[in-house]
Amino acid sequence: MVKEKILVIGASGQIGVELTLALRKLYGNANVVASDLREQNPLLEGTGPYVSLDVMNKEMLHVQVIRQNITQIYLLAAILSATGEKNPNLAWHLNMQGLLNVLDIAREEKLTKVYWPSSIAVFGPTSPKQHCPQQTVIEPITVYGISKYAGEFWCNYFFQRYGVDVRSLRYPGLISYKSAPGGGTTDYAVEIYHEALEEKKYECFLSEDTYLPMMYMPDAIRATLELMEAPAEKISIRTSYNVAGMSFSPKEIAASIQKNIPDFSISYKPDYRQNIANSWPQSIDATVAANDWGWKPEFDLDKMTVDMLENLRK
Ligand code: NAD
Ligand code: AKB
């Protein structure tokens, strides 16, 4: 049996920190190498190896993979939807070239598995709004969504053509308390909890009835690990799987917070991110993930709110 050694790229980000810690629990601290452009991360300090690395520098990445005897890569470095609209060229460049660098090295070094997340941002205004299915019309309007959709087909290509076992999930907006989100349209659903505790009020950059697909981080981490642990023959989707958690609007998350903090209030001042949110589905159908490898979310809005507030208070 191959002894797995994992490289997480983008380990200092919102998902990276928690995924690295979860992988370290599973595979042992020394067998999970965290890497990021950032020099270090206080949340990861003392938990295992950390290297500073730019995914765009293919040679240096390749050297690390060989030197550290890496067998699997989790690629999380990317520019998200809202930041991407401010610098479309940079977003396209990082999101595409970073992935191609990793896929090429995975092919050359015969890595056992690669993980790369896509997003519900692949969907556009012509996709179904409710229970958006796995296969449907997909016409993204953001550079982030375009890069994710193209990336999905590169993953499929490397699997079909070279046999690289690359797996992917279309995450919804992710909500977490450990690490801050990195420039997405769904970030309001994290900020609101911080502001509720600190200020008892929040000004939301999306309008009150903007429903979006969302997921609590523990569900997202579990979905990732379950996908990656599933036997290869169970994986029928080699582009990227729809996964679903919950769907809510700013008004509903505010109401959920008010059940715990009665004097919390919300106001609305939509900005350029409203247009992005309007282009995405409101809810996602994850039947294929459920059938293939048993996906089932655990957290709904109120359960997440209680957990978020409890952990942020700590
Ligand atoms: P993030 O912005 O919080 O983290 C990304 C990390 O990548 C950062 O720590 C950054 O320093 C690092 N990075 C940037 N450029 C790099 C480079 N050139 N080389 C090495 N590292 C670099 O992002 P996240 O929210 O953790 O997202 C991780 C992945 O999941 C991304 O692909 C994102 O598109 C996807 N995703 C996230 C969400 C979400 O809600 N967070 C939803 C859907 C998909
Ligand atoms: C974003 O809002 O850009 C991300 C995502 C849904 O991919 N959270």
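Under the 4.5 Å side-chain contact rule for hydrophobic residues, Met56 and Leu100 share a cluster. Grouping the Ile, Leu, Val, Met, Phe, Trp and Tyr side chains by contacts below 4.5 angstrom, directly or via other members, places Trp116 apart from Leu19. If you chain together hydrophobic residues whose side chains sit under 4.5 Å apart, Val33 and Leu23 never meet in one group. Connection of Ile235 to Phe159 is not established within any shared hydrophobic cluster, with ILVMFWY side chains joined at heavy-atom distances below 4.5 Å, either directly or through further cluster members. Taken together through direct or relayed side-chain contacts under 4.5 Å among Ile, Leu, Val, Met, Phe, Trp and Tyr, Phe205 and Ile253 form part of one hydrophobic cluster.
By the 4.0 Å N-to-carboxylate-O rule, Asp165 lies close enough to Arg167 to be salt-bridged with it. Between Lys113 and Glu4, no side-chain nitrogen of the basic residue sits less than 4.0 Å from a carboxylate oxygen of the acidic one, so the salt-bridge criterion is not met.
Rounded to the nearest 0.5 Å, atoms CG (Leu37) and CG (Asp54) are 5.0 Å apart. In this structure, CE in Met304 is found 3.5 Å from CD1 in Ile175, a value given to the nearest 0.5 Å. One finds the OG atom of Ser207 at 15.0 Å from the NZ atom of Lys269 (value rounded to the nearest 0.5 Å). Rounded to the nearest 0.5 angstrom, Ile237 CD1 and Cys155 SG are separated by 13.0 Å. Here the OG-CG distance, from Ser240 to Leu227, works out to 8.5 Å after rounding to the nearest 0.5 Å. Expressed to the nearest 0.5 Å, how far CD of Glu85 lies from CZ of Arg273 amounts to 12.0 Å.
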Report task. Apply side-chain contact (heavy atoms from CB on, under 4.5 Å) to the pair Thr287 and Gln134, showing each step before the final yes or no. Result -> CA-CA 8 Å; Thr287 310; Gln134 178 71 43; over 6 Å; no
Requested in this report: Using the side-chain contact (heavy atoms from CB on, under 4.5 Å) rule, take Thr47 and Val32 through it: C-alpha gap first, then chi angles, then the decisive distance, then the call.
Outcome: CA-CA 10 Å; Thr47 70; Val32 180; over 6 Å; no
**Report entry** Criterion side chain to side chain donor-acceptor pair (under 3.5 Å) on Thr83 and Tyr144, from CA distance to verdict
**Finding:** CA-CA 9 Å; Thr83 310; Tyr144 175 65; over 6 Å; no
Query - Test side-chain contact (heavy atoms from CB on, under 4.5 Å) applied to Leu103 and Val166, step by step - result: CA-CA 8 Å; Leu103 289 175; Val166 45; 4.2 Å; yes
Requested in this report: Would you check, one step at a time, whether the test side-chain contact (heavy atoms from CB on, under 4.5 Å) holds for Leu7 with Ser35?
Outcome: CA-CA 7 Å; Leu7 177 66; Ser35 76; 3.8 Å; yes
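Under a cut-off of 6.0 angstrom, the local environment of NZ in Lys129 is crowded, with over 12 non-hydrogen atoms contributed by other residues, nucleotides or ligands. Shown here is Gln160, whose CD atom has more than 12 heavy atoms of other residues, nucleotides or ligands within 6.0 Å. Within a 6.0 Å radius of CE in Met60, no more than 12 heavy atoms belonging to other residues, nucleotides or ligands are found. In Glu39, the CD atom is not crowded: 12 or fewer heavy atoms of neighbouring residues, nucleotides or ligands sit closer than 6.0 Å. More than 12 non-hydrogen atoms from other residues, nucleotides or ligands lie less than 6.0 angstrom from CZ of Arg313. The neighbour count for His194 NE2, taken as heavy atoms of other residues, nucleotides or ligands under 6.0 Å away, is above 12.
The two atoms that bring Gly84 and Val143 nearest to each other are O-CG1, 3.4 Å, heavy atoms only. Taking all atoms of both residues into account, the shortest heavy-atom contact from Ser81 to Thr185 is OG-OG1, 2.7 Å. Shown here for Ile284 and Ala244, the closest heavy-atom pair between the two residues is O-CB, 3.5 Å. Looking at every heavy atom in both residues, Ala230 comes nearest to Trp293 through CB-CB, 3.9 Å. For the pair Ile70 and Leu111, the tightest heavy-atom approach, listed with the atom from each and the gap, is O-CD2, 3.2 Å. When all heavy atoms of Leu206 and Gln274 are compared, the closest pair comes out as CA-OE1, 3.2 Å.
Between Arg170 and Glu152, the closest side-chain pair of non-hydrogen atoms falls below 4.5 Å. Between Phe264 and Leu197 there is no side-chain heavy-atom pair separated by less than 4.5 Å. Pro172 has its side chain out of reach of Thr186: every pair of non-hydrogen atoms, C-beta onward, lies at least 4.5 Å apart. For the pair Gln130 and Gln282, the minimum side-chain heavy-atom distance is below 4.5 Å. When side chains are defined from C-beta on, Phe123 counts as touching Thr136, because their heavy atoms get closer than 4.5 Å. The side-chain heavy atoms of Lys259 and Thr305, taken from C-beta on, include no pair separated by under 4.5 Å. Taking 4.5 Å as the limit, every side-chain heavy atom of Met246 sits out of range of all side-chain heavy atoms of Asp300. Taking 4.5 Å as the limit, every side-chain heavy atom of Tyr193 sits out of range of all side-chain heavy atoms of Tyr202.
Judged by distance alone, the side chain of Ser147 and the main-chain N or O of Trp92 form no donor-acceptor pair under 3.5 Å. Looking at Asn242, its side chain does come within 3.5 Å of a backbone N or O of Asp285 through a donor-acceptor pair. Checking side-chain atoms of Asn311 against main-chain N and O of Tyr177 turns up no donor-acceptor pair under 3.5 Å.
Applying the side-chain hydrogen bond (donor to acceptor under 3.5 Å, both in side chains) test to residues at least two apart or on different chains, the pairs with a partner in residues 13-22 are Gln14-Ser176.
The closest side-chain donor-acceptor pair between Arg24 and Asn29, if any, does not fall under 3.5 angstrom. Side-chain contact annotation: Asn101 with Gln97, donor-acceptor N/O pair under 3.5 Å present. Between the side chains of Asp302 and Ser256, at least one donor N or O lies within less than 3.5 Å of an accepting N or O. Lys3 and Asn31 share a donor-acceptor pair across their side chains, judged by distance under 3.5 Å alone.
In this structure, Tyr241 has its ring center at least 6.0 angstrom away from the ring center of Trp295.
Taking the six-membered ring where tryptophan is involved, the planes of Tyr149 and Phe153 are perpendicular, since the angle between them exceeds 60° and thus also 30°.
Tyr50 shares a hydrophobic cluster with Val17, Leu21, Leu43, Leu44; the chain of contacts runs through ILVMFWY side chains whose heavy atoms sit under 4.5 Å apart.
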Contacts table for residues 212-224: side-chain donor-acceptor under 3.5 angstrom, sequence neighbours left out:
residue : atom : partner : partner atom : Å
Tyr216  : OH   : Asp307  : OD2          : 2.7
Asp219  : OD1  : Arg222  : NH2          : 3.0
Asp219  : OD1  : Glu298  : N            : 3.1
Asp219  : OD2  : Glu298  : N            : 3.0
Asp219  : OD2  : Phe299  : N            : 3.0
Arg222  : NH1  : Glu226  : OE2          : 3.1
Arg222  : NH1  : Lys296  : O            : 3.4
Arg222  : NH2  : Lys296  : O            : 2.7
Thr224  : OG1  : Tyr171  : OH           : 2.7
Thr224  : OG1  : Ala220  : O            : 2.7

